[in-house]
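Here the structure is laid out as structure tokens; the discussion comes afterwards.
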Amino acid sequence: MPDTPTAADAPPPAYAETSAPSPEASLQAYAALHADAAALLTGWAPTSPEAAAARDRTLALLAAGPVAMSRTHRPGHVTASALVLDSTGARVLLCLHGKLGRWVQLGGHCEAGDRTLAGAALREATEESGIAGLRIDPVPIDVDIHPVACQGGSLHYDVRFAVLAPDGAVERVSDESEALGWFPPDRLPEPLAHGTAHLVAPARAALRRSPLRPAP
């Protein structure tokens, strides 16, 4: 008479065979974003000599492949930020960053679900401001490279955009900020993050160049 099967003899449930995505598969989630960044920066006309040098260094970083879009890439990774202007273009929205202790434009790391850099910048601006209906110019206004504490020490290759808030926009402080505030360009708060002030002129130029719109 055959032995009666026991629980120990039963095959494992289906979920036991499921494994986490491989690092290679995870990085492929950034493939479309990486392609967009490479195409965008290759065709971009830099707004200053400093931005041109930063653009060239960013394109060199992108030669590493989609990993260059992920915060796990310790040599450096591409980020996206936005200078938000009010509906008249007369004031800019800045946040007092909780970790940096400085006033800075909105922005941060790209995510695997982002398809374009402009979309990543708009997502970050929306999350950090709490304002719905923001519009963005998908042409960058600056590229800046600066050291950060990610992965024990890394670099952000930050691509920056101009964003326009709707009439009557009311901001809401997020978990990443100590405060949010609207400021005239000639009365920006202190301490101010490096590079934030010189975003005002190209952001205003973006407003004059074309109506801002939802990200692609």
Side-chain angles (χ1 to χ4, degrees), residues 37 46-55 57-58 61 68-86 88-111 114 117-118 120-131 134 136-137 140-165 169-207:
T47 50
S48 70
E50 295 78 13
R55 186 274 309 271
R57 288 178 59 190
T58 304
L61 177 79
M69 311 305 298
S70 169
R71 72 185 76 194
T72 62
H73 194 233
R74 186 168 181 177
H77 40 280
V78 178
T79 56
S81 67
L83 187 68
V84 178
L85 299 95
D86 69 11
T88 67
R91 298 179 301 161
V92 299
L93 180 65
L94 301 178
C95 73
L96 182 59
H97 197 282
K99 293 181 180 178
L100 297 178
R102 292 179 178 272
W103 292 90
V104 66
Q105 75 275 7
L106 308 182
H109 289 108
C110 297
E111 302 293 346
D114 294 325
L117 273 181
L122 187 62
R123 174 185 55 74
E124 284 285 330
T126 301
E127 291 174 355
E128 295 186 359
S129 71
I131 299 173
L134 296 175
I136 192 167
D137 182 358
I141 58 173
D142 188 43
V143 179
D144 181 80
I145 302 170
H146 51 272
V148 292
C150 297
Q151 303 297 315
S154 185
L155 292 171
H156 277 181
Y157 290 68
D158 194 40
V159 182
R160 297 162 169 188
F161 298 84
V163 166
L164 188 69
V170 177
E171 69 279 8
R172 184 178 68 251
V173 177
S174 74
D175 293 339
E176 297 184 20
S177 305
E178 295 292 333
L180 288 168
W182 293 98
F183 303 94
D186 59 349
R187 294 197 298 276
L188 297 180
E190 294 290 345
L192 191 66
H194 171 75
T196 296
H198 75 240
L199 298 179
V200 175
R204 284 177 151 180
L207 286 180

By side chain to side chain contact (heavy atoms under 4.5 Å, CB included), L96 pairs with (sequence neighbours left out) W103, E178, A179
Residues which pass side-chain hydrogen bond (donor to acceptor under 3.5 Å, both in side chains) with [X], listed by chain and number, not counting sequence neighbours:
{"X": "R123", "result": "D114, E127"}
{"X": "T126", "result": "none"}
{"X": "H109", "result": "H77, H156"}
{"X": "S70", "result": "T72"}

S129/V84 under side-chain contact (heavy atoms from CB on, under 4.5 Å): CA gap, chis, key distance, verdict
CA-CA 9 Å; S129 71; V84 178; 5.7 Å; no
Donor-acceptor pair, [X] side chain versus [Y] backbone, under 3.5 Å?
{"X": "R160", "Y": "A80", "value": "no"}
{"X": "S154", "Y": "C150", "value": "no"}
{"X": "T47", "Y": "I141", "value": "yes"}

Do [X] and [Y] have side chains that get closer than 4.5 Å, going by heavy atoms?
{"X": "L106", "Y": "H97", "answer": "no"}
{"X": "V143", "Y": "P46", "answer": "no"}
{"X": "D137", "Y": "L164", "answer": "no"}
{"X": "F183", "Y": "L192", "answer": "no"}
{"X": "V163", "Y": "L85", "answer": "no"}
{"X": "L94", "Y": "V104", "answer": "no"}
{"X": "D144", "Y": "L199", "answer": "no"}
{"X": "I145", "Y": "T58", "answer": "yes"}

Assess the side chains of H146 and D158: does a donor N or O sit below 3.5 Å from an acceptor N or O?
no
Rounded to the nearest 0.5 Å, what separation is found between the CG atom of L61 and the NE2 atom of H73?
6.0 Å
Between atom CE of M69 and atom SG of C110, what is the distance when rounded to the nearest 0.5 Å?
4.5 Å
Would you please test L83 and V200 for side-chain contact (heavy atoms from CB on, under 4.5 Å) and show each step?
CA-CA 8 Å; L83 187 68; V200 175; 4.1 Å; yes
Should we count NE2 of H194 as having more than 12 external heavy atoms under 6.0 Å?
no
Contact summary for L180 and E128, nearest pair of heavy atoms
CD1-O, 3.6 Å
Which atom pair, heavy atoms only, marks the closest approach of Y157 to R57?
CE2-O, 3.8 Å
Carefully, step by step, assess R55 and V159 under the rule side-chain contact (heavy atoms from CB on, under 4.5 Å).
CA-CA 9 Å; R55 186 274 309 271; V159 182; over 6 Å; no
R71 bridged to E111 by N-O distance under 4.0 Å
yes
Salt bridge (Lys or Arg N to Asp or Glu O under 4.0 Å) partners of residues 88-97, not counting sequence neighbours, each pair once:
D86-R91
Between L122 and F161, is a side-chain contact (heavy atoms from CB on, under 4.5 Å) present by the stated rule, with each step listed?
CA-CA 9 Å; L122 187 62; F161 298 84; over 6 Å; no
Where do Q105 and T196 land on the side chain to side chain donor-acceptor pair (under 3.5 Å) test, with the steps shown first?
CA-CA 6 Å; Q105 75 275 7; T196 296; 2.8 Å; yes
